[in-house]
Amino acid sequence: MALRLHNTLSQQVEVFTPSERNTVRMYTCGPTVYDYAHIGNFRTFTFVDILRRCLRLNGFALEHVMNITDVDDKIIRNAVAQGKTLAAYTAVYTQAFLDDCAALRLELPERLVRATEHIEDMLLAIGKLGESRHTYASEGSVYFRIATFPEYGKLSHNDFRGNIAGARVDVDTYDKADARDFALWKAAKEGEPFWEGALGPGRPGWHIECSVMALKYLGETLDLHAGGVDLVFPHHENEIAQSESLTGKPFARFWVHAEFLLVEGQKMSKSLGNYFTLRDILARGYTPEAVRYLLASVPYRKSLNFTFDGLKSAGTAIDRLRNFKLRLETDRLPDGASEVWSARTASAQGTFRNALDDDLNTAEALAAVFEYLRDANTAMDSGEFRAGNAPAALDLLTAFDAVFDVLKPSAAAGQWSDAEIEALIAERAAAKKARNFARADQIRQQLSDQGILLEDTKSGVRWKRK
RNA sequence: GGCGCGGUAGCCAAGUGGUAAGGCAAAGGUCUGCAAAACCUUUAUUCGUCGGUUCGAUUCCGACCCGCGCCUCCA
């Protein structure tokens, strides 16, 4: 079954394949590094990560570019207020973003690009757009003239031929010819950092950076472009207008957008006190894996209700998966292999993969794994599941973790070495044999204090870090 | 007002024109020196509301109600 994705352009779920050979050329919108990224941002970035992994699971190679927007109004405002250079200011939040991504196990794109390192490219592109009469200058700024791009609105499915009834209009509309026009180059204001160029002192508008960097590294027509739904309009619509005006070719074949995240059923906002960064959540004692699991478990096209209850239950679900894996690795199972279970495992793999292929239906993929897990546990209890079935079952978990990536615990909680732990376990076994349960429990407690949990099973003692 | 998404058990959530996956929570049970792990049973006659089509609708159509997003910077 081939991978299918919802394409915002067609508003349909379509079979996805790269246009050439086997490599997917994709671009996703990255963060504006004016502050720590919040949990809503990470919903989208987690979706992109899941998308990457599913593309790879389908045998595609990736050529993925993501931008870091390191120049914009807020950055300039904050940097100036703090008396820092743009570079010094954005370095802090860029690093914080990368750290957060690492904590959430988000793969980095093949190429991470910064807006400020492509100013020349942007100036060139704006110049070219000028030559083809897609731009006009006003009070030192340069704008893109939407009227020159008749297809404007094809992504957001808005019909802009009439008035924009009810739409609020930008305060600086007065220097634009049309409310829809957007800035390609913004004239520098007093005291602001700026770049010097053919267009006069200023800085690039937001939309142009994505077009320029995508075209530069990925060519005229991308296979896939992704981001959050809120970017559909105007950001991606504007990218299309610029890019297609430059190249005359379709900018991207697939546009894929992740829905919004709510917190406790409400939209996240600083005034409601439900605005969280990853750091805020980890500081409350939740693990990055639980956050990742929760963000990944709701299919990307459905808005995700982020709750602390949900985070807790994600943690419990992960524990159950880890326990299952540990059991597969440590239980002494009867020799041989059950044909029934060989078939059952293969079927679970198939269901898992098909669910992901179906527009990244992570909820259904998880259901396939849990259903299998429950039945396999039962079969292990009854002796029906045999040693020869374990490798395939572990393969299923490997496939699962290639996408969800939550099985390996993040923090090495215990300071003790494996050898020290094993020694204590041996001592406890001896104590138990001598029916010295007080000493046995003492050792259990001692290990527990170090974050080590012992489990007595039919196959012997096994331990894990909590 | 325009465009888009959604309303399924206590919470999260999948899904199909043929009679409701999965996770978490809760209760009871099995196993167990203790603990952990694991499993079993129970928890939606019902899928926002009202109509329509159909032998049959949660699933299709229409209307309405509610929530959310975008239309200005925004994941």
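None of the values given here were measured: they were computed from a predicted structure. A, B, ... follow the sequence lines: proteins, then strands. Residue 1 opens every chain.
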Chemist: Quick one: is Asn323(A) getting a side-chain N or O under 4.0 Å of the A36(B) phosphate, OP1 or OP2?
Modeler: no
Chemist: Check the pair Arg462(A) / Asp331(A) against side-chain contact (heavy atoms from CB on, under 4.5 Å), numbers first and verdict last.
Modeler: CA-CA 9 Å; Arg462(A) 69 185 181 203; Asp331(A) 258 25; 3.6 Å; yes
Chemist: Quote, to the nearest angstrom, the P distance that separates C50(B) from C40(B).
Modeler: 37 Å
Chemist: Between Arg145(A) and Asp181(A), is the closest basic N to carboxylate O distance under 4.0 Å?
Modeler: no
Chemist: Just to be sure I understand the rule, does Ser303(A) reach a base, reach only the sugar-phosphate, or reach nothing, if contact means heavy atoms closer than 4.0 Å?
Modeler: sugar-phosphate
Chemist: When the P atoms of G69(B) and A63(B) are compared, how many Å lie between them, rounded to an integer?
Modeler: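 Per the computed distance, 24 Å lies between those P atoms.
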Chemist: Let me know the distance between OH of Tyr293(A) and P of C12(B), rounded to the nearest Å.
Modeler: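 Distance, rounded to whole Å: 15 Å.
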Chemist: With ring centroids as reference points, do Phe149(A) and Phe144(A) lie under 6.0 angstrom apart?
Modeler: no
Chemist: Run the salt-bridge test on Arg353(A) and Asp357(A) with the 4.0 Å N-O cut-off and return the result as yes or no.
Modeler: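 A salt bridge is absent here (no side-chain N lies under 4.0 Å from a carboxylate O).
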Chemist: Can Arg284(A) be said to sit on top of Phe308(A)'s aromatic six-ring, NZ or CZ under 6.0 Å from centre and within 45° of the ring axis?
Modeler: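 Pair Arg284(A)/Phe308(A) counts as cation-pi.
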Chemist: Arg435(A) has an atom CZ; how far is it from atom C1' of C34(B), in whole Å?
Modeler: 12 Å
Chemist: Examine A14(B): is either OP1 or OP2 under 4.0 Å from a nitrogen or oxygen in the side chain of Asn361(A)? Give yes or no.
Modeler: no
Chemist: Specify the separation, in whole Å, of atom CD1 of Ile425(A) and atom P of C34(B).
Modeler: 20 Å
Chemist: Between Lys267(A) and G69(B), is there a side-chain N or O to OP1/OP2 distance below 4.0 Å?
Modeler: yes
Chemist: Measure from CZ on Arg43(A) to P on A75(B) and round the result to the nearest Å.
Modeler: 15 Å
Chemist: Can you check the distance between A21(B) and U53(B), where both ends of the measurement are the P atom (answer in whole Å)?
Modeler: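 Comparing P positions in A21(B) and U53(B) gives a spacing of 30 Å.
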Chemist: What is the distance from CG of Leu262(A) to P of G6(B), rounded to the nearest Å?
Modeler: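 From Leu262(A) CG to G6(B) P: 14 Å.
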Chemist: Tell me, what's RNA chain B's dot-bracket, Watson-Crick or G-U with both distances under 3.5 Å, | for other-strand, [ ] crossing?
Modeler: (((((((..(((.....[...))).(((((.......))))).....(((((..]....))))))))))))....
Chemist: Rounding to the closest angstrom, what is the interatomic distance between A25(B) and G10(B) at atom C1'?
Modeler: 7 Å
Chemist: Tell me: CD of Glu237(A) to P of C3(B), nearest whole Å?
Modeler: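 It is 15 Å, rounded to the nearest whole Å.
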Chemist: Looking at A14(B), I'd like to know if its phosphate oxygens (OP1 or OP2) sit under 4.0 Å from a side-chain N or O belonging to Lys302(A).
Modeler: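 It does, given that an N or O in the side chain of Lys302(A) lies less than 4.0 Å from OP1 or OP2 of A14(B).
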Chemist: Send over the distance from Phe233(A) CZ to A75(B) P, rounded to a whole Å.
Modeler: 16 Å
Chemist: Please identify which of these residues, Ile208(A), Ile126(A), Val212(A), Thr135(A), meets the side chain to side chain contact (heavy atoms under 4.5 Å, CB included) condition with Gln242(A).
Modeler: Ile208(A)
Chemist: Check whether any side-chain N or O of Asn377(A) sits under 4.0 Å from OP1 or OP2 of C39(B), and answer yes or no.
Modeler: yes
Chemist: Which part of the nucleic acid, if any, lies within contact of Gln266(A), taking any heavy atom under 4.0 Å across all strands shown: a base, the sugar-phosphate backbone alone, or nothing?
Modeler: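 Contact class for Gln266(A): none.
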Chemist: For a quick test of reading the model: is some side-chain N or O of Arg320(A) closer than 4.0 Å to OP1 or OP2 of C39(B)?
Modeler: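 Checking Arg320(A) against C39(B): at least one side-chain N or O falls below 4.0 Å of OP1 or OP2.
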Chemist: Below 4.0 angstrom from OP1 or OP2 of G22(B), is there any side-chain N or O of Arg374(A)?
Modeler: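 For Arg374(A), the contact criterion (side-chain N or O under 4.0 Å from OP1 or OP2 of G22(B)) is met.
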Chemist: Mind checking whether Phe233(A) and Tyr152(A) have parallel, tilted or perpendicular rings, split at 30° and 60°?
Modeler: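 Ring orientation, 0 to 90° scale: perpendicular.
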Chemist: In sequence, state the C-alpha distance, the side-chain angles, and the governing distance for His236(A) and His207(A), and then conclude on ring pair (Phe, Tyr, Trp, His ring centres under 6.0 Å).
Modeler: CA-CA 8 Å; His236(A) 289 162; His207(A) 313 293; 9.4 Å; no
Chemist: For G18(B) and C60(B), measure between their C1' atoms and round to the nearest Å.
Modeler: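 Per the computed distance, 14 Å lies between those C1' atoms.
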Chemist: How long is the line joining CG of Asp359(A) and P of A13(B), in whole Å?
Modeler: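 Distance, rounded to whole Å: 17 Å.
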